[in-house]
Protein chains: 2
Amino acid sequence: MVRQRIEIKKIVNVTARQVTFSKRRRGLFKKAKELSTLCDAEIALIVFSSTGRLFDFSSSSMGQVIERHNQQTENLIQLNQPSLELQLDNSASAIAIKEVEERTLELRRLRGEELHGLGLDELKKLEKTLEGGISRVLKTKSEMFEKEIAALKRKMGSDIGQTHEQGQSSDQSIITTTNNGSSAAAPPQDYDSSDTYLKLG
Amino acid sequence: MVRQRIEIKKIVNVTARQVTFSKRRRGLFKKAKELSTLCDAEIALIVFSSTGRLFDFSSSSMGQVIERHNQQTENLIQLNQPSLELQLDNSASAIAIKEVEERTLELRRLRGEELHGLGLDELKKLEKTLEGGISRVLKTKSEMFEKEIAALKRKMGSDIGQTHEQGQSSDQSIITTTNNGSSAAAPPQDYDSSDTYLKLG
DNA sequence: CTTTCTATATATAAAGG
DNA sequence: TCCTTTATATATAGAAA
C-alpha cells in the first residue's frame with residue numbers, strides 16, 4: 001500500500017510478515033478504538049498472531065460484547081463450551097442446539113446479515129419470503145388502523161361534533177405510515193410475477 | 001481526520017455519527033480482513049452500532065476464536081463442580097429448547113405468520129426489520145449481477161477486442177427491476193384479501 | 001443508512017537501527 | 001520484535017444525493 005502496492009495475500013517472508021503484522025495490528029486497534037468512541041459503538045476485537053500471541057480490545061467488557069453477540073447470533077455453543085463434549089453426546093441437547101443454530105442462521109439471513117455464501121436462487125427465495133412477510137405485517141397493521149378509525153368514528157358520532165384531544169400522536173403516524181406502506185397507486189416498473197414488493201414504496 | 005482533524009470523542013450530531021459509523025466501519029472491517037490475510041492471523045471482530053445493529057467478521061469461526069480467547073484469558077471457569085454433568089446437560093437442553101422456541105416464533109413473525117398477539121409498535125419494528133432485510137438481500141443480489149455483468153464484459157472484450165466502459169455502478173435499476181421470475185417459495189398465508197390495507201390510502 | 005466526490009489526514013512499505 | 005524516516009497508498013471529513 002505504499003511505495004509499492006502490496007497484494008492482499010499471505011506474506012511469505014516471515015520477517016516481513018511479522019513487521020507488517022505489528023504495524024497493521026496497531027493501526028487496526030487504533031481504528032477500532034476510534035470507531036467505538038466516535039460513534040458510541042460497542043466493539044470487541046480479538047487477534048491471534050500467526051505465532052499464537054493474543055491481542056484484544058473491547059469497548060466495554062469482552063464478555064459483555066461476546067454475550068450480546070451470542071444473543072443476536074445465538075451460536076449458543078459458546079455458552080456451554082466447558083461441557084461441550086458431554087452435551088454433544090446428549091442427543092436431546094445436541095438436536096436442540098442444532099435447531100437453534102439453523103434457526104439463528106435463517107433469522108440472520110432474513111435480517112439481511114449473513115448473505116455472502118448464498119447463491120442467486122437462495123437470495124430470490126429469501127426475497128420472496130421477506131416480501132410475503134412484509135405484506136402480511138402491513139396488512140395486519142392496517143387492520144389495526146381500521147379498527148381504531150372505526151372506533152374513533154363511533155366516538156365522534158356519539159358526541160356532538162366537538163373536537164377532542166384524546167388522539168395520541170399515534171394517529172398522525174397512523175396515516176403517514178399507512179400511506180407509505182400502501183402506495184399502490186403508482187406501480188413501479190415491470191414485473192413478471194411478483195407484485196408484492198411494490199408495497200415497499 | 002481530513003479536511004479538518006476531528007477530535008476522537010463521541011459525535012453528537014446523529015446524522016453525522018451514522019455517516020461516520022458507516023464509513024469507518026467499512027474501513028475497519030477491511031483492515032481486519034487484510035490483516036488476517038496478509039499475516040495469517042486469526043481475527044474476530046464484533047461491532048454493535050449505537051442503534052443496536054450487529055456487524056461481525058471472523059477469519060475462521062467466531063466461536064472458535066472466542067473460545068481460544070477464553071482459553072487464553074481464562075475467563076471461563078465453571079464445570080468445576082463434578083457430578084453435575086447431568087444437571088448441566090439438562091439445563092443446557094432446556095435452554096436450547098427454549099431458544100429454539102423463541103427463534104421459531106421470531107421466524108414465523110418475520111414470515112408474517114404469528115402476528116395476532118402483537119401491538120402496533122411491535123408490528124412497526126417487524127416491518128422495519130423486514131425492510132432492512134429485503135433491502136440488503138436486493139443489494140446483495142444486484143451486486144452478484146454486477147459482478148457477472150462485469151465478468152461477461154471482460155470476456156467479450158478479450159474475445160472481440162472491444163473496449164467497454166463499465167462506468168459507475170449506477171445499477172439502482174437492477175435492484176428495482178430485479179425481482180425474480182422463478183423460484184416459487186409458497187407464501188404461507190392467503191393473499192386474497194391482501195389489499196385490505198390499501199383502503200386507507 | 002449508504003454512497004459519491006474531493007481535499008487532506010493517516011497509515012504504512014521499505015530500509016536501516 | 002519495535003522505532004525511525006520517507007514516499008506514497010489509503011482512509012475519510014464534509015457536503016450532497
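Protein chains get the first letters and strands the later ones, always in sequence-line order, with residue 1 at the start of each.
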Taking only residues two or more places apart in sequence, or in another chain, which ones meet A/Arg111 in a side chain to side chain donor-acceptor pair (under 3.5 Å)? B/Glu106
For B/Lys141 against A/Leu123, the heavy-atom pair lying closest together: CA-CD1, 3.9 Å
Touch class at under 4.0 angstrom, heavy-atom based, for B/Thr51 against every strand present: sugar-phosphate
Think A/Thr20 has a side-chain N or O under 4.0 angstrom from the OP1 or OP2 of C/dA13? yes
Protein and nucleotides 4-6 of chain D: nitrogen or oxygen contacts under 3.5 angstrom:
residue	atom	partner	partner atom	Å
D/dT6	O2	A/Arg3	NH2	2.7

If the condition is side-chain contact (heavy atoms from CB on, under 4.5 Å), which residues does B/Ser61 pass it with, not counting sequence neighbours? B/Gln64
For the pair made of CZ in A/Arg25 and P in D/dT1, what is the distance, rounded to whole Å? 8 Å
What integer distance in Å separates A/Leu38:CG from C/dT10:P? 12 Å
Using the test side chain to side chain donor-acceptor pair (under 3.5 Å), find all partners of A/Thr51 that sit at least two apart in sequence or belong to another chain. A/Ser49
d(CZ, B/Arg5; C1', C/dT10) in whole Å: 10 Å
Checking D/dT1, D/dA13, C/dA14 against the side chain of A/Ile6 (C-beta onward), the nearest is C/dA14
For atom CZ of B/Arg53 and atom P of C/dC1, their distance in whole Å: 8 Å
Kindly say whether A/Thr104 contributes a backbone atom to a donor-acceptor pair with the side chain of B/Arg103 at under 3.5 angstrom? no
Return the value, rounded to whole Å, for the distance between atom CG of B/Leu35 and atom C1' of C/dT12. 13 Å
Expressed in angstrom and rounded to an integer, what is the separation of A/Asn13 atom CG from D/dT1 atom C1'? 14 Å
Which nucleotide in C/dC1, C/dA11, C/dA14 has an atom nearest any side-chain atom of A/Lys31: C/dA11
Determine the contact category for B/Ser49: base if any of its heavy atoms lies under 4.0 Å from a base atom, sugar-phosphate if only primed atoms, P, OP1 or OP2 are that close, otherwise nothing. nothing
Classify B/Val19 by what it touches in the nucleic acid, base, sugar-phosphate, or nothing, heavy-atom distance under 4.0 Å. base
Expressed in angstrom and rounded to an integer, what is the separation of B/Lys30 atom NZ from C/dT10 atom C1'? 14 Å
Hey, is the main chain of B/Lys33 close enough, under 3.5 Å, to the side chain of B/Ser36 for a donor-acceptor pair? yes
Mind calculating the distance between CD (B/Glu34) and C1' (C/dA13) to the nearest angstrom? 13 Å
What's the closest nucleotide to the side chain of A/Phe21 if the choices are D/dT1, C/dT3, C/dT12? D/dT1
Is B/Thr15 near enough to C/dC1 that one of its side-chain N or O atoms lies under 4.0 angstrom from OP1 or OP2? no
CD on B/Glu42 to OG on B/Ser60, rounded to 0.5 Å: 3.5 Å
Specify the angle, to 10°, made by the local axes at the two ends of the helix from C/dT2-D/dA17 to C/dG17-D/dC2 when five pairs are taken at each end. 60°
Do B/Arg136 and A/Glu113 meet the salt-bridge criterion of a basic N to acidic O distance under 4.0 Å? no
Name the residue from A/Arg24, A/Arg25, A/Lys31 that meets the salt bridge (charged side-chain N to carboxylate O under 4.0 Å, His left out) definition with B/Glu34. A/Arg24
Going by salt bridge (charged side-chain N to carboxylate O under 4.0 Å, His left out), name the pairs with one or both residues in residues 50-59 of chain A, residues two or more places apart or in two chains. none
